[in-house]
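So the structure is just underneath, and the comments pick up after that.
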Amino acid sequence: MSSIIDIHPHVISDDEGRYPPAPLFGKRSDWSQERPCTVETLIAAMDEAGVDKAAVVHSSTTYGFDNSYVVDACSRYPGRLVAVGSVDVLEPDAVETIRRWVDKGLKGLRLFTGGSTKEFDPSELDDPRAFPAWELCGELGLPMCIQTGAVGLPQVTALARRFPDVPIILDHLARPDVSDGPPYAAAQSLFDLAAIPSIHLKLTPRIMGDSRKGAATPETFFPRLVEVFGADRLAWGSNFPTSPGTLSEIRKTAEDRLSSLSEADRATIFGRTAKKLYPALAD
């Protein structure tokens with residue numbers, strides 16, 4: 001397989017004096033305290049797992065909107081790591097704030113509407129106050145990751161249609177229910193997004209696990225996903241260290257679950273799509 005790129009690991013500094021925690025929603029995630037991972041730890045894990053490059057996602061449940069550590073960390077490994085940060089897009093100065101972080105090296109943004117410490121609230125997604133930030137992302141070619149569930153897909157659809165120049169990446173496939181098995185009718189709202197070419201999906205340990213729950217199987221779900229979206233709109237993300245296990249174990253599980261796909265499709269999901277979304281990671 002060609003180069004392996006991970007578009008969803010996290011890093012946490014061990015220097016709380018320099019990078020003080022200030023979690024979004026006021027509650028720090030358990031994983032960030034139980035399994036902290038400095039950039040040096042991530043690089044060592046990548047070396048062991050055979051992961052060549054990564055788009056490192058800022059930990060909102062550790063640092064809120066302060067992207068200092070992810071930007072500083074990735075700048076130490078240029079060409080191998082790029083930083084994906086988070087900005088309060090509802091603030092009046094959001095455009096200036098995004099430009100400032102981009103000047104410091106940020107290569108993508110992420111909207112965190114809920115997750116490990118809070119229920120999803122998609123209301124901010126289609127708030128008009130956020131539109132100037134989206135317009136800037138289109139101008140700069142910044143991809144936007146969105147952390148939401150199925151409840152937020154109508155807002156995602158509206159944003160994708162309003163801002164077609166912004167590549168959108170859905171974290172964890174927006175957590176679809178696939179336990180009903182083929183033809184996966186319960187996940188129809190996810191499959192409906194295939195009609196919008198700017199929307200991409202991030203394949204993380206969550207869907208790797210869900211693909212074996214209930215009547216779901218990896219051999220029926222992932223080929224269906226590729227058939228509907230195309231491999232060039234799917235990319236692998238480890239969610240390391242949030243998800244339990246070593247990076248090597250997480251990669252091996254992903255390769256096992258996707259083994260029914262063609263070699264070309266797997267190469268695209270494990271690397272080529274990432275290079276399209278984050279050109280700084282291209283060879």
Side-chain angles (χ1 to χ4, degrees), residues 7-8 110-116 118-126 143-164 166-239 242-243 250 253-270 272-274 276-277:
I7 69 165
H8 201 88
R110 183 194 195 204
L111 292 178
F112 189 87
T113 70
S116 61
K118 177 181 175 291
E119 292 297 316
F120 292 117
D121 177 10
S123 60
E124 75 173 72
L125 292 177
D126 57 356
M144 181 72 87
C145 298
I146 299 179
Q147 167 100 321
T148 188
V151 67
L153 295 187
Q155 289 88 344
V156 171
T157 300
L159 283 167
R161 288 179 172 148
R162 181 182 286 270
F163 303 104
V166 181
I168 292 175
I169 313 168
L170 278 181
D171 288 354
H172 316 298
L173 275 71
R175 295 167 162 78
D177 178 5
V178 299
S179 60
D180 58 335
Y184 297 102
Q188 189 57 46
S189 62
L190 173 70
F191 290 118
D192 287 344
L193 299 177
I196 308 174
S198 62
I199 294 180
H200 300 72
L201 306 179
K202 196 180 287 185
L203 304 181
T204 59
R206 184 181 184 95
I207 192 60
M208 300 304 167
D210 287 353
S211 70
R212 284 191 167 177
K213 290 182 179 178
T217 67
E219 295 76 20
T220 56
F221 178 70
F222 293 114
R224 170 74 172 149
L225 204 61
V226 170
E227 176 189 9
V228 174
F229 282 90
D232 62 340
R233 290 167 63 188
L234 310 177
W236 172 65
S238 69
N239 204 35
T242 309
S243 293
I250 292 169
T253 297
E255 290 178 332
D256 174 68
R257 299 295 191 271
L258 300 177
S259 61
S260 63
L261 302 180
S262 71
E263 183 177 348
D265 286 344
R266 293 197 307 274
T268 297
I269 292 168
F270 280 105
R272 292 178 189 143
T273 303
K276 177 184 73 170
L277 293 168

Under the rule for salt bridge (Lys or Arg N to Asp or Glu O under 4.0 Å), what residues qualify as partners of [X], not counting sequence neighbours?
{"X": "R162", "answer": "none"}
{"X": "D210", "answer": "K213"}
{"X": "E219", "answer": "none"}

At what distance, to the nearest 0.5 angstrom, does [atom1] of [X] lie from [atom2] of [Y]?
{"X": "L203", "Y": "F270", "atom1": "CG", "atom2": "CZ", "answer": "8.5 Å"}
{"X": "L201", "Y": "L173", "atom1": "CG", "atom2": "CG", "answer": "4.5 Å"}
{"X": "L277", "Y": "I168", "atom1": "CG", "atom2": "CD1", "answer": "11.5 Å"}
{"X": "T220", "Y": "Y184", "atom1": "OG1", "atom2": "OH", "answer": "2.5 Å"}
{"X": "I7", "Y": "N239", "atom1": "CD1", "atom2": "CG", "answer": "11.5 Å"}
{"X": "H200", "Y": "L193", "atom1": "NE2", "atom2": "CG", "answer": "12.5 Å"}

Counting only N and O atoms by type, is there a donor-acceptor contact under 3.5 Å from the side chain of [X] to the main-chain atoms of [Y]?
{"X": "T204", "Y": "G237", "result": "no"}
{"X": "R175", "Y": "G149", "result": "no"}
{"X": "T268", "Y": "A264", "result": "yes"}
{"X": "K202", "Y": "H8", "result": "no"}
{"X": "R233", "Y": "I199", "result": "yes"}
{"X": "D171", "Y": "C145", "result": "no"}
{"X": "H172", "Y": "L170", "result": "no"}
{"X": "T148", "Y": "A174", "result": "no"}

- Task: Give a yes/no verdict on a cation-pi contact between R266 and F222, requiring under 6.0 Å between NZ or CZ and the six-membered ring centre and an angle within 45° of the axis.
- Result: no
Shortest non-hydrogen contact between [X] and [Y], atoms and distance:
{"X": "S198", "Y": "P164", "value": "CB-O, 3.8 Å"}
{"X": "S179", "Y": "D177", "value": "OG-OD1, 2.7 Å"}
{"X": "L125", "Y": "L159", "value": "O-CD1, 3.1 Å"}
{"X": "P176", "Y": "L190", "value": "CG-CD2, 3.9 Å"}
{"X": "A186", "Y": "D180", "value": "N-OD2, 3.0 Å"}
{"X": "A215", "Y": "P182", "value": "O-CD, 3.8 Å"}

- Query: Stepwise, does the side chain to side chain contact (heavy atoms under 4.5 Å, CB included) test hold for F221 with R257?
  - Reply: CA-CA 10 Å; F221 178 70; R257 299 295 191 271; over 6 Å; no
- Item | Any P218 side-chain heavy atom under 4.5 Å of S260 side chain | no
- Less than 4.5 Å apart, any side-chain heavy atom of I196 and any of R161?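 Answer yes - side chains close enough.
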